[in-house]
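Let me begin by presenting the structure, written as structure tokens, before commenting on it.
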Amino acid sequence: MPDPYRVWLSEVMLQQTTVAAVGPRFTAWVERWPDIASLAAAPDEAIMAAWAGLGYYARARNLVKAARAVVAEHGGQFPATEAGLRALPGLGAYTAAAVAAIAFGERAVVVDANVERVVARLFAIATPLPAARPAIRAATDRITPQARAGDFAQAMMDLGSAICTVKKPQCLLCPLAVDCRARVEGIADTLPAKAPRKERPSRHGTAFWIEQEGQVWLVRRPAKGMLGGMRALPTGPWEDERPGLAGAPGQGPWVILNDTVVHGFTHFGLELALAKSEGEPDDSAAGEWWPVADLETAGLPTVFARAADRLKRV
DNA sequence: TATACGTGGTT
DNA sequence: TAACCAAGTAT
């Protein structure tokens, strides 16, 4: 049976994240923290920095919590059941079922976006998401075998990602084509139906770069909310209008660059103005000096890594 | 049930 | 090129 630690880690990394992006990060991670005990013992900031660039940083915050819970409350062994796993932070319906099935051989019903799509088409479930979820789950339950549910789940996910794709599904190559009601009805590429997305608002902020003797002033963002717990450049508020120097972490004087960083988050776009100074940081702004030459190791989220790239060469 | 939460690849 | 979307979870 596969190592539960690795199955758990890979499933969490793969949440909303492509296999290509996860591959090298997974390898580096298990080399550094080969088991649950080593991860549980690692300092928060090392773990957050190691997650930098992967996005959805609550995953990293929950990863630490779960690792420590397994060590403190389960003697260092993962709970071997779907229900037990589901109680750990960061393991939702999908991940708990996937780990139970793949790492422990439990018959669990594994439903991710791939399975959702395959099953919606197989049974021609035309109800739009998310209302269709109960029906899709029930249908998946009906076709999940008693034995090797983990292999079944992975096969369904592979089918969804390689053949039964969102656009232009390759029905001619599909092993389920004969049984697929959506294919018969000629509506495969329209399922599952989804409500249209809301428009993404755009916000503005300013990133501040204070440099002294080859070092830059970095802060740690609040534990909750956007980029929570991550090391970052200081910023003022993110608002509808350009905030200028509002919320600056020092008296300056500030030089505002004739350049911005435009970054797209899930639910809003951000245009970051860039301001630079060689003054003193405010006492109120808790932070640390970081060598500019070692900025890659600071573990900055992508938006700040991009801002820093612009700022350090000016 | 709806919203907050990142990033990079594909079309 | 702007959308769209990916092996989702928490609240």
Side-chain angles (χ1 to χ4, degrees), chain A residues 2 6-26 48 51-63 65-66 85-103 108-119 127-134 137 140 150-162 164-168 189 192 194-203 221-230 232 238 261-270 272 299-306:
Chain A
R6 292 181 175 231
V7 174
W8 163 65
L9 177 64
S10 63
E11 291 299 344
V12 172
M13 281 189 172
L14 285 164
Q15 290 168 7
Q16 300 288 288
T17 309
T18 58
V19 173
V22 166
R25 305 298 293 267
F26 177 83
M48 298 311 292
W51 199 271
L54 278 172
Y56 284 148
Y57 298 100
R59 293 184 293 172
R61 302 196 294 271
N62 286 329
L63 207 64
K65 289 182 196 163
L85 291 160
R86 181 70 179 78
L88 293 171
L91 283 92
Y94 163 75
T95 306
V99 175
I102 296 168
V109 180
V110 181
V111 184
D112 75 330
N114 287 305
V115 176
E116 218 162 60
R117 187 169 56 254
V118 171
V119 170
T127 310
L129 293 173
R133 295 235 155 86
R137 193 197 153 73
T140 308
D151 288 341
F152 174 77
Q154 293 183 81
M156 290 286 280
M157 293 190 278
D158 287 345
L159 183 65
S161 78
C164 193
T165 48
V166 176
K167 293 174 185 171
K168 301 185 180 178
D189 61 348
K194 293 180 186 177
R197 292 199 172 192
K198 289 180 179 175
E199 198 171 330
R200 195 171 68 169
S202 133
R203 294 187 194 164
R221 294 180 58 82
K224 292 182 178 180
M226 276 303 282
L227 312 175
M230 298 300 288
W238 298 356
V261 168
V262 175
H263 192 79
F265 292 114
T266 305
H267 54 296
F268 65 92
L270 180 67
L272 227 38
L300 296 178
T302 299
V303 63
F304 291 117
R306 290 197 175 136

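Every chain is numbered from 1, with letters handed out A, B, ... down the list of sequences.
- Contact between the side-chain N/O atoms of A:His263 and the OP1/OP2 oxygens of B:dT7 is found at a separation under 4.0 Å.
- Atom CG of A:Leu14 and atom C1' of B:dT7 are 14 Å apart (whole Å).
- Residues passing the salt bridge (charged side-chain N to carboxylate O under 4.0 Å, His left out) test with A:Glu116, sequence neighbours excluded: A:Arg133.
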* **Check against side-chain hydrogen bond (donor to acceptor under 3.5 Å, both in side chains), A:Glu11 and A:Tyr94** => CA-CA 9 Å; A:Glu11 291 299 344; A:Tyr94 163 75; 2.5 Å; yes

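- Using a 4.0 Å heavy-atom distance criterion, A:Arg61 is classed as making no nucleic acid contact.
- Distance check: A:Arg117 CZ to A:Met157 CE gives 12.0 Å after rounding to the nearest 0.5 Å.
- Rounded to the nearest 0.5 Å, atoms CE (A:Met226) and OG1 (A:Thr266) are 7.5 Å apart.
- Non-hydrogen atoms lying under 4.0 Å from DNA chain B are contributed by A:Gln16, A:Thr17, all within residues 16-26 of chain A.
- For B:dG6, the base has no donor-acceptor partner in the side chain of A:Thr302 [N/O atoms by modelled type, under 3.5 angstrom].
- Across the protein-nucleic acid pair, A:Tyr56 atom OH and B:dT3 atom P stand 14 Å apart, rounded to whole Å.
- Applying the 4.0 Å criterion to OP1 and OP2 of B:dA4, one finds that A:His267 has every side-chain N and O outside that range.
- The 5' end of DNA chain C is approached more closely, in terms of each residue's nearest nucleotide, by A:Gly160 than by the other of A:Gly90 and A:Gly160.
- Under a 3.5 Å cut-off, the side chain of A:Arg137 and the backbone N or O of A:Val111 do not form any donor-acceptor pair.
- Between A:Leu270 atom CG and B:dC5 atom P the separation is 12 Å, expressed in whole Å.
- Side-chain rings of A:His267 and A:Phe265 stay apart, their centers remaining 6.0 Å or farther from each other.
- To the nearest 0.5 angstrom, A:Thr302 atom OG1 is 6.0 Å from A:His263 atom NE2.
- Among the heavy atoms of the strands, none lies under 4.0 Å from A:Gly228.
- Remark: C1' of B:dG6 and CZ of A:Arg200 are 11 Å apart, rounded to the nearest angstrom.
- Nearest-nucleotide positions on DNA chain B place A:Ala131 closer to the 5' end than the other of A:Ala131 and A:Gly53.
- Using modelled atom types, one finds a donor on one side chain and an acceptor on the other under 3.5 Å when comparing A:Arg59 with A:Thr17.
- Atom CZ of A:Phe26 is separated from atom CE of A:Met13 by 7.5 Å, given to the nearest 0.5 angstrom.
- The line from CG of A:Leu88 to CZ of A:Arg86 is 10.5 Å long, rounded to the nearest 0.5 Å.
- If you check every strand for non-hydrogen atoms under 4.0 Å, A:Ser10 touches nothing.
- Atom CH2 of A:Trp51 is separated from atom P of B:dT7 by 13 Å (rounded to the nearest Å).
- Rounded to whole Å, the separation between the C1' atoms of C:dT11 and C:dA7 comes to 23 Å.
- Contacts of A:Lys224 with the nucleic acid, taken as non-hydrogen atoms under 4.0 Å apart, are absent.
- Bounding nucleotides for the chain A contact on DNA chain C, 5' to 3', at a heavy-atom distance below 4.0 Å, are C:dC5 to C:dA10.
- Residue A:Leu227 is classed as a sugar-phosphate contact, given heavy-atom separations below 4.0 Å to backbone atoms only.
- Between the A:Thr165 side chain and the A:Ala162 main chain, no donor and acceptor come within less than 3.5 Å of each other.
- Nucleic acid contact for A:Arg86: sugar-phosphate only, since backbone atoms but no base atoms lie under 4.0 Å from a heavy atom of the residue.
- One atom, NZ of A:Lys168, and another, C1' of B:dT11, lie 8 Å apart when rounded to the nearest Å.
- Taking only side-chain nitrogens and oxygens, A:Arg197 never comes nearer than 4.0 Å to OP1 or OP2 of B:dA2.
- The distance between atom CZ of A:Arg133 and atom P of B:dA2, rounded to the nearest whole Å, is 11 Å.
- Going from atom CE of A:Met48 over to atom P of B:dG6 covers 9 Å, rounded to whole Å.
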